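Structure first, then comments.
A, B, ... follow the sequence lines: proteins, then strands. Residue 1 opens every chain. As the structure is a computational prediction, the values presented were derived from the model and not from experiment.
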There are 2 protein chains.
Amino acid sequence: MVTMSDVAREAGVSTMTVSNVLNGHRRVVAPTRDRVMTAIEKLGYEVNLTARHLRSGRTDTIALIVPSFHDYFSEVADRIAPIVEASGRHLVLERTGARPESEIESLSVARLQMYDGVVLSVAGLDRDQLETVRTRAPIVLLGEREVPARFDHVRLANEEGARLATAHMLARGARRVLVLGGAPGDASGMASLRRAGWEAAHRAAGVPADGALVVPVTTYSARESREVLGGLLEAGLRVDGVFAVTDTVALGAMAALADRGIGVPDDVQVVGFDDLDVGKYLSPSLTTIDPNHDEVARSAIRLLERRMAGDDDPPERVVVPVRLVARGSTRP
Amino acid sequence: MVTMSDVAREAGVSTMTVSNVLNGHRRVVAPTRDRVMTAIEKLGYEVNLTARHLRSGRTDTIALIVPSFHDYFSEVADRIAPIVEASGRHLVLERTGARPESEIESLSVARLQMYDGVVLSVAGLDRDQLETVRTRAPIVLLGEREVPARFDHVRLANEEGARLATAHMLARGARRVLVLGGAPGDASGMASLRRAGWEAAHRAAGVPADGALVVPVTTYSARESREVLGGLLEAGLRVDGVFAVTDTVALGAMAALADRGIGVPDDVQVVGFDDLDVGKYLSPSLTTIDPNHDEVARSAIRLLERRMAGDDDPPERVVVPVRLVARGSTRP
DNA sequence: CTGTTAGCGCATTCAT
DNA sequence: ATGAATGCGCTAACAG
C-alpha cells in the first residue's frame, strides 16, 4: 500500500505538506503542490480514510438507520442524500432489521462513533429501548413514536392528516368509515394518533364514530391488509369508506375491494397516508396524505447540523405539516 | 472518552488482556476476565472501531452501492442484509446518485478501503468508467451491463425473461406486442437484451416482429411510461400486448391503458419484469418476470466471500435464471 | 510557507 | 496465561 510518506519522499517534501495539499487546510505554493500531485499520480496514492478518522476524530459521514430499506424509508433516504452531500459529507444507510437485539446493536455507542451524526428512524423501537441509547454522537430521531425528552425529534402531523383524510370522505357522503390499521386507546403511537384524527373528524362533522370500525393490523403490509379487510367484508361488515393508515395498507384494501367487485369510489371511498409514487398509477388513483418528505428530510438534517456544530440548546421537536392529495379513490 | 488503558488500569491488567477479553483471540482465565468485565461495565467502555480498523486492517463491513434506494435496489438490499449479517458482518448502503462524477467518487479506492468487500450495482456506469475502478478490495458487480473481464459479475437471464414474457402473450393470441423500454440494435445493455428476447419469442412463434413496436424510454419511470404509451395510443398505434421492461414501466403502461378505458387483459395484455410486490395488488394483478432476488443476493455474497477469503481464481460470471409469474394482466 | 514532534486507540509480535 | 514494546497512517499543534 502506498502511504503518505511514500508520496512525501517521492516529492521531496514532508508528509505534512502532502496532507495539506490533500485537505487544503493550509496554503501550499503552486510549484510544491504540483510536485506533490505528480508524485500522487505516479504512485497511485489514495488517502487512508480510517487513519484520517482516527487522527482527526471526524468521519464526514452521516448514517440513516432504518428498520427496512423499503417504502417510506427509501423515499426519505433519497431525499436526505442530496442534502447531506451538499455539505460535503457522505450518507450511508444501515438497517436495524426486525429483531430487537439487532436494533440495540446498531445503536451501540461503538457503531455510532463511526459517524459524525445519526438520523435514527424509531419505528420498531419502544421508549425503553430508546432510553438505553447513550451517546455523545449527535442524533436526531425520526418517526411517530413517543421518544425521551433529551432527543431532537422530527415527526408528522399524524392526527391532523388522519382528520383531513376522514373529513374528506365524510364531506362526500361516507357515514361508515373504517380506519384500517388504527389502534384504540390513548397510546401515542402512529396507529393511535391516526385513529384519534379519525375520531376528531367524526366529532367535527357530528357523525358518531363506531368503535367497531377501528381495525388494527400488525405488519402494515398490503398482504395482511387485504386479508383483514377481506375477512370483515365476508363477515358482512358494511362500510362506505376506508381510511388506511398507510398507502401500503391502502393498496391491500383496494385489492380486497376489487376482489369482491366493490366499486371505488362509488360504493366505498378510500384514502391512504404517505403519498407513495404508486398511488398515482392505480385505477382509480389513490387519494392520500402527502407526508412532505422533503420537509422531513430538511428538518432532520437542519437539527443534526445544529448539533454537529456544537449547539447545546434544549432538544427541538418538529412536527411537519401534511396535506391531502385528492385523487380518484374518493368522490369529486 | 474511556479507552482501553483506562479499563486496564481499573482492572489492574495490561491493555492486551482487555483486548483479549473483548475479541476472544486468546484464552483469559475466568477471574481475570471477570475483573475486566467489571471494569468495562463500571467505566462504560466501548471499543473504538476506527482504531480497531486501522490496526487490524478489517472493518467487518460490506457495502452495497446502488444508484438509488428505490424499487429493485431496495428489494435486493433487504435480501443481502440477512446473508451478510449471518456471517457476523455489517451491511451499509451507499448511493451513487445519478451523476457520473458521484459514481466515480464512490468508486475511489479511498472509499472502498473502508469496507472488507463491495457489491456494486452497475446501472448507470458504462464500461469505460468501470475500467477505471482499480482496487484490491474484493468487489462483485451486479446488474445488466457489460463489464470488464476482471470482475466477478452477477446478472439476470434478461433475454430469456423477455422471451418468456413475450411468448406468454403470443401464445394467448396477441399479435402486436409492443416492447416498452426496449432498445433497437445489438448493444449489451438491459434494454437491448430484453428487446432481443422479445424478438426471439416472435421468431419461435413464427410471428413477424414489427420494429415500430420497439419503443425506448429514458428514465424507466412510471410517469414517462404513461406519457409515452399514452401518446402512441392517441396517435392511433394499435397494439394487443405490452411487454414493459420493468414493473415500474408496466405500472405506467397500465395507467395509460386505464386512462383510455382500454381493457386489460381483454383488449391489451401486459407483462412486466421485476416482480415488485405492488404487482400483486393491482387490478388486474400484473403478470411479470420474477428476477429471483434471493438467488441474486446469495450469488453476489457467495462470490464476495470467496474473494474475501483470498481466492484468486478467474472471475466468475453468474447468470441467475428467472421465471414467469402469470397473473391477471394476461389471459388465462 | 513548510517541517518536526507527538500521538489518536488498538492489536500484532515477541517475550516471560 | 499475561505483559511490553511497537506502529497501523494520518494530522493537530507548534516551530522555524
Under 4.0 angstrom, heavy atoms only, what part of the nucleic acid is [X] near: base, sugar-phosphate, or nothing?
X       : value
B:Ser5  : nothing
A:Met4  : base
A:His25 : sugar-phosphate

Whole-Å distance between [N] [atom2] and [X] [atom1]?
X        : N     : atom1 : atom2 : value
B:Arg58  : C:dG9 : CZ    : P     : 21 Å
A:His53  : D:dC8 : NE2   : C1'   : 15 Å
A:Asp6   : D:dC8 : CG    : P     : 11 Å
A:Asn20  : C:dG3 : CG    : C1'   : 10 Å
A:Met1   : D:dG9 : CE    : C1'   : 9 Å
A:Gln113 : C:dC8 : CD    : P     : 15 Å
A:Glu46  : D:dG9 : CD    : P     : 15 Å
A:Met16  : D:dG9 : CE    : P     : 18 Å

Residue-phosphate contact under 4.0 Å: [X] side-chain N/O, [N] OP1/OP2:
X       : N      : result
B:Thr15 : C:dC10 : no
B:Thr17 : D:dG3  : yes
B:Arg55 : C:dG9  : no

Looking only at atom types and distance, does a side-chain atom of B:Asn20 sit under 3.5 Å from a main-chain N or O of B:Met16, one as donor and one as acceptor?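 Flag set: sc B:Asn20 to bb B:Met16 pair under 3.5 Å.
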
With no hydrogens and no angle check, is any side-chain donor or acceptor of B:Ser87 less than 3.5 Å from a backbone partner on B:Val84?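 Yes, the answer is positive, given that a donor and an acceptor are paired below the 3.5 Å cut-off.
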
Counting side-chain heavy atoms from C-beta on, which of [options] comes nearest to [X]?
X       : options                : result
B:Leu54 : D:dG3, C:dT4, D:dC8    : D:dC8
A:Asn48 : D:dA12, C:dA11, D:dC10 : D:dC10
B:Arg52 : C:dA11, D:dG9, D:dA12  : C:dA11
B:Ser19 : C:dA11, D:dC10, D:dA1  : C:dA11

Any pair counted as salt bridge (charged side-chain N to carboxylate O under 4.0 Å, His left out), so long as it reaches residues 56-69 of chain A, sequence neighbours left out: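 For residues 56-69 of chain A, and leaving out neighbouring residues, the salt bridge (charged side-chain N to carboxylate O under 4.0 Å, His left out) pairs sorted by first residue read A:Arg58-A:Asp60.
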
With nearest nucleotides of DNA chain D determined for B:Val28 and B:Ser56 from heavy-atom distances, which residue corresponds to the more 5′ nucleotide?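 Result: B:Val28.
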
5' priority, DNA chain D, between B:Ala51 and B:Thr32 [closest heavy atom]: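 Looking at DNA chain D, the more 5' nearest nucleotide goes with B:Thr32.
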
Flag for A:Thr246-A:Asp274: side-chain donor and acceptor within less than 3.5 Å: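 Looking only at side-chain atoms, A:Thr246 and A:Asp274 do not form any donor-acceptor pair under 3.5 Å.
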
Salt bridge present between B:Asp312 and B:Arg307 (N-O < 4.0 angstrom):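 No, B:Asp312 and B:Arg307 are not salt-bridged.
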
